[in-house]
2 protein chains.
Amino acid sequence: MLKHLFNCEHTGRMSGDERREQILRAAVALFSQKGFKGTTTKEIASAVGISEAMVFRHFASKEELYRALLDAKVSGEDKPVFPWETCDDLKRAIEDKDDLAFFYNIALEAMKKHQEDVPFMRLMFYSALEDHSLAEQFFHEFVSRVYDFIGGYIAERQRDGAFREVDPKIAVRAFLGMMIHHSLNNLLWDKRRRLLDIPLETAAKNFAEIMVNGIRA
Amino acid sequence: MLKHLFNCEHTGRMSGDERREQILRAAVALFSQKGFKGTTTKEIASAVGISEAMVFRHFASKEELYRALLDAKVSGEDKPVFPWETCDDLKRAIEDKDDLAFFYNIALEAMKKHQEDVPFMRLMFYSALEDHSLAEQFFHEFVSRVYDFIGGYIAERQRDGAFREVDPKIAVRAFLGMMIHHSLNNLLWDKRRRLLDIPLETAAKNFAEIMVNGIRA
DNA sequence: GCGAAGTAAGTAATCACTTACTTACCGGCG
DNA sequence: CGCCGGTAAGTAAGTGATTACTTACTTCGC
């Protein structure tokens, strides 16, 4: 019957690995919506369409399922791709020392990713509030690289005499604050009427201009 | 025995109103630490030192207790005080049209409050994630007034020709982003080693300078 | 002595997790 | 080719603990 060729669609028996990832996907969606305590193992099972016992065949406990899911998101196969590794516009901005383009492209790429992976953002936020240790690991592996990269560019431009003397880390925090806060507003108040409903490009452009030039005329 | 004069300390019988507020205080601490689903009514009761049934004499349900607590925090007796109503330095900055002082004092006052009432901040973030409707009410009553105030100042300075033409709302979001993101970092990673550990005054000063002048030399 | 503060001991529902069992798949042997 | 047996996928029906919430009762203060 060649069922195994279509096992991503049919509802019958499935290989262990596929089922495991199916459970993980359902768990991500549910945990990110309702948090760890707010999600039940029964909900996860019926979201996949299997019995609750199958969840516990693949994961020893609800906690382990949560850890596996955070671990996959944080350091898994689809490792976090940093914008400066893929975005040609950003590479060109660095070469040309085009400060506005530098901040614009970072903000745009970051906010695009936030918008694409809302469940991941919510998951990080939940686990930070709920004090799961993997969130700390993430912030010290991923975020500190972001600080180093942007801070490194700022330090270089300071040596050029193009930027005034500020602690680069504080400048990075200010800039990250603009874009993360904007993403956060969008994902938390998504379905409701927003205080500020603008295209990502407009936001990125304005944040870059404020970062470089401020709002003084 | 005049026990009623000391009823905030003794462990015996207490008046209804006092007990009610005692329950609310304990609930704030617990809900803000572990979220709505993560906190049990039994925990709240034993934190106060009473039986669980007493919680349900004062509040019809756990949900109603949570709503009462959010309501008290958001629109209760200690109404949110806006920095421009109390801070003389800020009033003077507005009169003098001292832009740096304007942003500095707002950032400083706001971040001070965030630091003083961490439970309130955590409560807001939890209820935003958990989609409690009172968080929406808060953000449209409180935050929109902040947008109006800061945005109003920016618009005035644009008419003066002192600020360039930007959508004031975007500028407000950028500025709020810097300070809220900084407060968030502090409260989420409080006990652990931080990426950036600086006094509030330093942060406020740098955020104001970036907001007004950017980082260009 | 009456009403309000207070509790012990429940309730049914739900939680994470287990046990005992059944079913489908697949490779190898006759 | 067929059939067979081991193994892994799958489930129904539980487990005791915990949940939010109640009831029936007691105790204190004015």
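Naming convention: chains lettered A, B, ... in sequence-line order (proteins, then strands); numbering from 1 in each chain.
Distance from the side chain of B/Arg13 is smallest to D/dC28 among D/dC28, C/dT18, D/dT22. Among the nucleotides C/dA16, D/dA12, D/dT23, the one closest to any side-chain atom of A/Lys62 is C/dA16. In the set C/dA8, D/dC21, D/dA9, the nucleotide with an atom closest to the side chain of B/Ser61 is D/dC21. With D/dC21, D/dA9, C/dT19 as the candidates, the nucleotide lying closest to the side chain of B/Glu52 is D/dC21.
Distance A/Arg57 CZ to D/dT7 C1': 11 Å, rounded to the nearest Å. Taking atom CZ of residue B/Phe59 and atom P of nucleotide C/dA5, one finds them 13 Å apart after rounding to whole Å. Protein atom NZ of A/Lys34 is 13 Å distant from nucleotide atom C1' of C/dC15, rounded to whole Å. Atoms CZ (B/Arg19) and P (C/dA5) sit 10 Å apart, rounded to a whole Å. Distance A/Met14 CE to D/dG10 P: 7 Å, rounded to the nearest Å. As a whole-Å value, the separation of A/Asp17 CG from D/dG10 P is 12 Å. For B/Ile44 and D/dT19, the CD1 to P distance is 11 Å, given to the nearest whole Å. One can place NZ of B/Lys42 at 8 Å from P of D/dT18, the figure rounded to the nearest angstrom.
Remark: the B/His58 side chain and the B/Arg20 side chain contain no N/O donor-acceptor pair separated by less than 3.5 Å.
We find that A/Arg145 and A/Asp148 are not joined by a salt bridge, their nearest charged nitrogen and carboxylate oxygen being 4.0 Å or further apart.
In this structure, A/Thr41 reaches the C/dA16 phosphate: one of its side-chain N or O atoms is under 4.0 Å from OP1 or OP2.
A/Thr40 comes within 4.0 angstrom of the backbone, heavy atoms only, and of no base.
Cation-pi geometry between B/Lys169 and B/Tyr147 is not met: the NZ or CZ atom fails to fall both under 6.0 Å from the ring centre and inside 45° of the normal.
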